[in-house]
Number of protein chains: 2
Amino acid sequence: MAEREVDRSVSQTVKAQLALRDQILSGSLRAGERISELQAVETTGASRTPVRMALVRLEEEGLLEAIPSGGFMVKAFSERDISDSIELRGTLEGLAARFAAERGVSARELEPLKECLAAIDELLRQVPISVDAFSSYVALNARFHALLTELSRSPPLIRQIDRASALPFASPSGFVMAQSALPEAQQILIIGQEHHRVVIDAIENREGARAEAVMREHARLAVRNLRLALRNRTHLDLLPALALIRTATD
Amino acid sequence: MAEREVDRSVSQTVKAQLALRDQILSGSLRAGERISELQAVETTGASRTPVRMALVRLEEEGLLEAIPSGGFMVKAFSERDISDSIELRGTLEGLAARFAAERGVSARELEPLKECLAAIDELLRQVPISVDAFSSYVALNARFHALLTELSRSPPLIRQIDRASALPFASPSGFVMAQSALPEAQQILIIGQEHHRVVIDAIENREGARAEAVMREHARLAVRNLRLALRNRTHLDLLPALALIRTATD
DNA sequence: TCCCTCAATAATGTATACATAATGTTCCGT
DNA sequence: ACGGAACATTATGTATACATTATTGAGGGA
C-alpha cells in the first residue's frame with residue numbers, strides 16, 4: 001500500500017534512479033558491463049524516457065561511466081580511488097569548517113551541532129557498543145557532518161560536499177557499519193568523536209587552521225577504517241558497494 | 001558547411017546543451033525565470049527529448065536549478081558564491097599538487113608542465129602585453145592547470161576538479177580576460193606565473209605542504225582579480241557570465 | 001587458420017503524441 | 001472592491017514509435 005503511494009507521488013525518473021542505484025550497489029549490475037536500457041525498463045517498471053534520465057543522473061552521481069559509442073556502464077573503483085574520494089571529502093569538509101571558523105558562527109547556530117555531539121557522547125557511554133547503537137551512530141554522525149557543512153554558509157561548497165558524499169563509500173558514515181565488526185571499533189568511534197569535539201571548539205574560538213586540520217584528520221581516520229575493513233576479510237560483506245571495488249587481481 | 005558537419009556528427013543533446021549554455025551565459029535566458037522547454041526547442045532546433053537531457057546536464061553543471069514544481073531556472077550567483085567557487089577550486093588543485101608531490105612524479109611526467117611554464121614565460125617577456133598575448137595566455141594557463149591536475153593521478157580528484165571548473169567564473173582562466181583591462185594586469189600575470197614556477201619546484205622536491213599552499217594562494221589571486229574587475233566598472237563586459245552575477249541590489 | 005568484409009540484429013538517440021499537474025484568468029460571491 | 005473558487009490553458013512528465021548507429025555473427029578469401 002505504501003508502495004502504491006510511492007508509485008504515484010514519486011516521479012518515474014526518481015523511481016528508476018533508486019531502483020538502478022540499488023542494482024548497482026548490490027552488484028546485480030556488474031561493473032564494466034553495458035547497462036541495457038530495455039532490461040532496465042523491465043526491472044524498474046518505468047519506460048525508456050525516465051530510465052534514460054536516471055542513467056544520466058547516475059552518471060553525474062559518479063556510479064556510471066558513459067561509453068563513447070553510447071550508453072553507460074557501471075564504474076569500478078580501486079582501493080586508492082576510494083581512499084582518495086574520502087580524503088577529497090575530508091578536504092572539502094575542512095574548508096567548510098575553516099569558513100565557519102573564520103567567518104564566525106553565532107552560539108545559536110552552533111547549538112544543534114553541540115546537541116548532536118552530546119547525543120553521540122550519550123551513545124558511546126555504553127560499553128560494549130551494541131549493533132543498534134551503531135546504526136544510531138550512523139544517523140547522528142551523518143547529521144553532524146551535514147550540520148557542520150551548513151555552517152560554512154557557502155552554497156557552492158555545500159553543493160560540492162554533497163556531491164562528493166554521494167558515493168556510498170565516500171560518505172561520512174560509509175564505513176561505520178563495516179567497522180562495527182572490527183575489534184578496534186570502539187576506539188575508532190571515540191577518536192572520531194574527539195575530532196567532532198575539537199572542530200566545534202575550533203569554530204567557537206575562530207581557529208580556522210585548527211578546524212580545517214582536524215576535519216582532514218577525521219577523514220584520514222575513515223581511510224584507516226577502510227584499510228582495516230578490507231584487510232579483515234571476515235566481515236567484508238558489511239562494506240558498502242563491495243561489488244564496485246576492483247581488487248588488484250582484476 | 002562545417003556547421004552541417006557538426007549538425008550530423010554531434011548529438012542533438014550536445015547541440016542543445018551548447019546552445020542553451022550560450023543563452024544562459026549571454027544572459028538571453030534570465031536568472032530566476034523558468035526555462036520554457038518549448039521555447040528551447042525552437043531556439044535550439046532539437047526536439048524536447050534531447051532538450052530535457054541537456055537541461056538535466058546543465059543542472060548538474062551548476063548553471064541551472066530545479067524548480068520544485070517542475071522544470072528548471074537559471075541560477076544566480078552572488079559575489080561571495082563566485083569567490084567561494086574559486087577558492088573551492090584552489091583547494092582541490094592544492095590537494096592535487098600535494099598528491100603529486102607526496103606520491104612522486106617522474107621527470108618525464110613533469111616535462112610537459114615545464115614546457116608550458118616556459119611558453120608562458122616567453123609570452124610575458126613582451127611589454128606591454130598585447131590582447132593577443134592575453135588570449136594565448138588563457139589557453140596556456142588552462143593547459144597548465146589541466147596538466148597539474150592530471151599529475152595527481154587520482155581519477156576521483158580529477159573528476160571533481162573538472163566539475164568545479166565547469167562554472168565559467170570558477171575556471172582557472174575565467175577572469176584572465178577581465179583583468180586584461182586592469183592597470184595591474186601585468187603584475188598579476190607575473191605573480192601568477194611565479195606561483196606556477198613554485199608549484200613545479202615543490203612537486204620536484206616532494207614538498208607537499210608547499211605545493212598545496214601555493215595553489216591555494218594562486219586561487220586567492222584569482223579572487224583578487226574578481227574583486228578588482230567587479231570594482232573597475234569600465235570593463236565589466238569582459239567578465240564571464242556577467243548576467244549570472246547577482247548584485248547586492250537585487 | 002586467421003582476418004576481413006558484409007549483413008543481420010539489437011542497441012541507442014530522437015521525435016512526437018498523450019496524460020497529468022501547475023498556473024493564470026475569469027467570474028461569482030461576499 | 002477584494003478574495004476565492006472553478007475552469008481554461010499551458011506547462012512538464014511519460015510512453016512509444018521510428019531512425020540511425022554500433023555490434024555481433026557468418027561467410028568468404030588470403
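In what follows, chains are A, B, ... by sequence order, proteins preceding strands, each numbered from 1.
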From [atom1] of [X] over to [atom2] of [N], roughly how many Å is that when rounded to an integer?
X	N	atom1	atom2	answer
A:Q39	C:dA10	CD	P	15 Å
B:F72	C:dA22	CZ	P	16 Å
B:E42	C:dA15	CD	P	15 Å
B:E59	D:dT12	CD	C1'	15 Å
A:Q12	D:dT12	CD	P	19 Å
A:L38	D:dA17	CG	P	12 Å

Which nucleotide in the set [options] lies at the smallest distance from any side-chain heavy atom of [X]?
X	options	result
B:E37	D:dT12, C:dG13, C:dT12	D:dT12
B:R52	C:dT14, C:dA11, D:dG13	D:dG13
B:R34	D:dT12, C:dA15, C:dT12	D:dT12
B:R48	D:dA15, D:dC18, D:dT14	D:dT14

So, does the side chain of A:T49 form a donor-acceptor pair with the base of D:dT16 at under 3.5 Å? yes
Under 3.5 Å donor-acceptor pair, A:S69 side-chain atoms to D:dA22 base atoms: no
Under 4.0 Å from OP1 or OP2 of D:dT14: is there any side-chain N or O of A:T13 that close? yes
For A:G70 and for A:M53, find the nucleotide of DNA chain D with the closest heavy atom, then tell me which residue's nucleotide is more 5'. A:M53
Could you pick out which residue, A:P50 or A:I67, lies toward the 5' side of DNA chain D when each is mapped onto its nearest nucleotide?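 Between the two, 5'-proximity favours A:P50.
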Taking the side chain as every heavy atom from C-beta outward, state whether B:M215 and B:R89 have any pair of such atoms under 4.5 Å apart.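 Counting from C-beta outward, B:M215 and B:R89 never come under 4.5 Å.
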Would you indicate whether the side-chain heavy atoms of A:L167 and A:L63 approach each other to under 4.5 Å? yes
Are [X] and [Y] ion-paired here, with the side-chain N under 4.0 Å from a carboxylate O?
X	Y	result
B:R57	A:E59	yes
A:R231	A:E79	yes
A:R163	A:E60	no

Could you give the angle between the helix axes at the two ends of the helix from C:dT1-D:dA30 to C:dT30-D:dA1, with five pairs per end, rounded to 10 degrees? 20°
With sugar-phosphate meaning primed atoms plus P, OP1 and OP2, does B:L55 contact a base, only sugar-phosphate, or nothing at under 4.0 Å between heavy atoms? nothing
Is there a donor-acceptor pair under 3.5 Å between the side chain of A:R34 and the backbone N or O of A:G70? yes
B:S78 and B:D81: side-chain hydrogen bond (donor to acceptor under 3.5 Å, both in side chains), yes or no, with the steps? CA-CA 5 Å; B:S78 67; B:D81 287 341; 3.2 Å; yes
